[in-house]
2 protein chains.
Amino acid sequence: MKESERIKSEARAKILKALAHPSRIFIVDKLAEKPYCVCELTEMIGSDTSTVSKHLSILKNAGIATDKKKGTTVYYSLETPCLLRFIGCVEEVIEQNINKQLKSIGQAESR
Amino acid sequence: MKESERIKSEARAKILKALAHPSRIFIVDKLAEKPYCVCELTEMIGSDTSTVSKHLSILKNAGIATDKKKGTTVYYSLETPCLLRFIGCVEEVIEQNINKQLKSIGQAESR
DNA sequence: TTTATTATTGGCTATATTACCAAATAACAA
DNA sequence: TTGTTATTTGGTAATATAGCCAATAATAAA
């Protein structure tokens with residue numbers, strides 16, 4: 001692997017890692033709709049505030065989300081509109097996996 | 001978070017986790033072009049065969065790649081064509097981050 | 001069969017990630 | 001100022017991930 005390829009792959013992996021957690025992909029899904037504050041997202045997710053705050057900082061750090069302070073509350077919003085298509089693609093993989101499983105169950109039954 | 005949302009988020013995160021590694025996103029990029037065997041990818045990546053094999057099995061397990069044996073060599077190929085658009089989207093985030101950095105450097109210099 | 005090649009699996013250590021609690025910070029109101 | 005609410009940060013323990021080596025398939029060739 002060339003140096004440039006290594007760097008490129010690492011940069012891509014960094015973005016993907018930021019998305020690769022149930023709570024974080026849930027947050028991205030919610031933020032796609034509208035901005036939410038930490039306390040609202042904490043309520044939805046149901047884990048500790050500090051945990052959610054850390055998830056948000058990971059998304060922010062990856063350039064996926066941005067924050068805006070209003071008084072004491074911090075609102076997060078999506079930075080990248082294309083992330084919606086992104087999720088759509090992940091969904092395609094999931095559907096494909098389900099279809100494959102159904103097919104293999106069908107084959108098993110017909111034996 | 002509702003049970004159904006939790007399950008959905010976990011399924012999505014599973015796919016993203018499979019992609020979230022420099023070597024694995026590199027492999028996906030290569031397989032987008034044409035199928036490659038384990039030894040070819042090992043050569044390109046430059047880590048141990050067993051390591052590459054494990055990366056491939058992670059991609060296979062997530063439904064991202066499939067394998068086909070020809071003699072003693074195993075060829076892997078991409079299962080999901082939409083993964084190309086996917087990478088394009090990751091790239092958009094990266095470019096956006098770079099632009100943001102450039103902008104902040106510009107602002108710092110003009111002070 | 002024996003040998004060589006390709007790939008996978010098991011075992012191990014090093015490192016990274018996650019979640020919680022507690023403590024610190026920030027903004028505002030009393 | 002003091003208290004209150006919202007958020008972030010530091011610390012820690014549990015768990016997950018990654019990479020290498022060694023051992024084990026699986027296939028083909030000698």
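Proteins get letters first, then strands, A, B, ... in listed order; numbering begins at 1 in each.
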Heavy atoms of chain B, cut-off under 4.0 Å: which first and last nucleotide of DNA chain C, 5' to 3', fall inside that, if you could look? dT5(C) to dG11(C)

Atom CG of Asn61(A) to atom P of dT8(D): distance rounded to whole Å? 13 Å

Kindly check if the number of other-residue, nucleotide or ligand heavy atoms within 6.0 Å of NZ (Lys68(B)) is above 12? no

For a quick test of your reading: what N or O donor-acceptor pairs under 3.5 Å do the side chains of residues 39-49 of chain A make, sequence neighbours left out?
unit_1: Glu40(A); atom_1: OE1; unit_2: Cys37(A); atom_2: N; d: 3.0
unit_1: Thr42(A); atom_1: OG1; unit_2: Val38(A); atom_2: O; d: 2.7
unit_1: Asp48(A); atom_1: OD2; unit_2: Ser50(A); atom_2: N; d: 3.0
unit_1: Asp48(A); atom_1: OD2; unit_2: Ser50(A); atom_2: OG; d: 2.7

Using a cut-off of 4.0 Å between protein heavy atoms and nucleotide atoms, how would you tag nucleotides 25-30 of chain D 5' to 3' with B, S and -? -SBS--

Interface with DNA chain D, restricted to residues 23-31 of chain B and to heavy atoms under 4.0 Å: Arg24(B)

Tell me, with the steps shown, if Thr73(B) and Lys70(B) meet side-chain contact (heavy atoms from CB on, under 4.5 Å). CA-CA 5 Å; Thr73(B) 72; Lys70(B) 267 195 189 178; 4.2 Å; yes

Keeping Arg24(A) on the side-chain end and Leu56(A) on the backbone end, is there a donor-acceptor pair under 3.5 Å? no

Can you tell me how far P of dA16(D) sits from CD1 of Ile58(B), to the nearest Å? 14 Å

Between CG on residue Leu31(A) and OG1 on residue Thr66(A), distance to nearest 0.5 Å: 9.0 Å

Sort and list the pairs that fulfil ring-ring contact (aromatic ring centres under 6.0 Å, His included) and have at least one residue in residues 17-62 of chain B, not counting sequence neighbours. His21(B)-His55(B)

Stepwise, does the salt bridge (Lys or Arg N to Asp or Glu O under 4.0 Å) test hold for Lys8(A) with Glu5(A)? CA-CA 5 Å; Lys8(A) 194 205 272 183; Glu5(A) 285 178 316; over 6 Å; no

Pairwise side-chain contact, Arg12(B) with Leu19(A), heavy-atom cut-off 4.5 Å (strictly under): no

How about Lys103(B): does its NZ atom have over 12 heavy atoms from other parts shown lying under 6.0 Å from it? no

Using modelled atom types and a 3.5 Å cut-off, is there a donor and acceptor pairing between side-chain atoms of Asp67(A) and backbone atoms of Ser77(A)? no

If each of Asp67(A) and Lys17(A) is mapped to the nucleotide of DNA chain D with the nearest heavy atom, which maps nearer the 5' terminus, i.e. the 5' end? Asp67(A)

May I ask you to say what Tyr76(B) touches in the nucleic acid, namely base, sugar-phosphate or nothing, with a heavy-atom cut-off under 4.0 Å? sugar-phosphate

Any heavy-atom pair between the side chains of Lys30(B) and Ile27(B) that's under 4.5 Å? no

Does the pair Lys60(A)/Glu79(A) count as a salt bridge with the N-to-O cut at 4.0 Å? no

For atom NZ of Lys60(A) and atom P of dT7(D), their distance in whole Å: 13 Å

Of residues 39-56 of chain A, the positions that come close to DNA chain D - non-hydrogen atoms, cut-off under 4.0 Å: Cys39(A), Thr49(A), Ser50(A), Ser53(A), Lys54(A)

Any salt bridge linking Lys17(B) with Glu10(B)? Criterion: basic side-chain nitrogen under 4.0 Å from a carboxylate oxygen. no

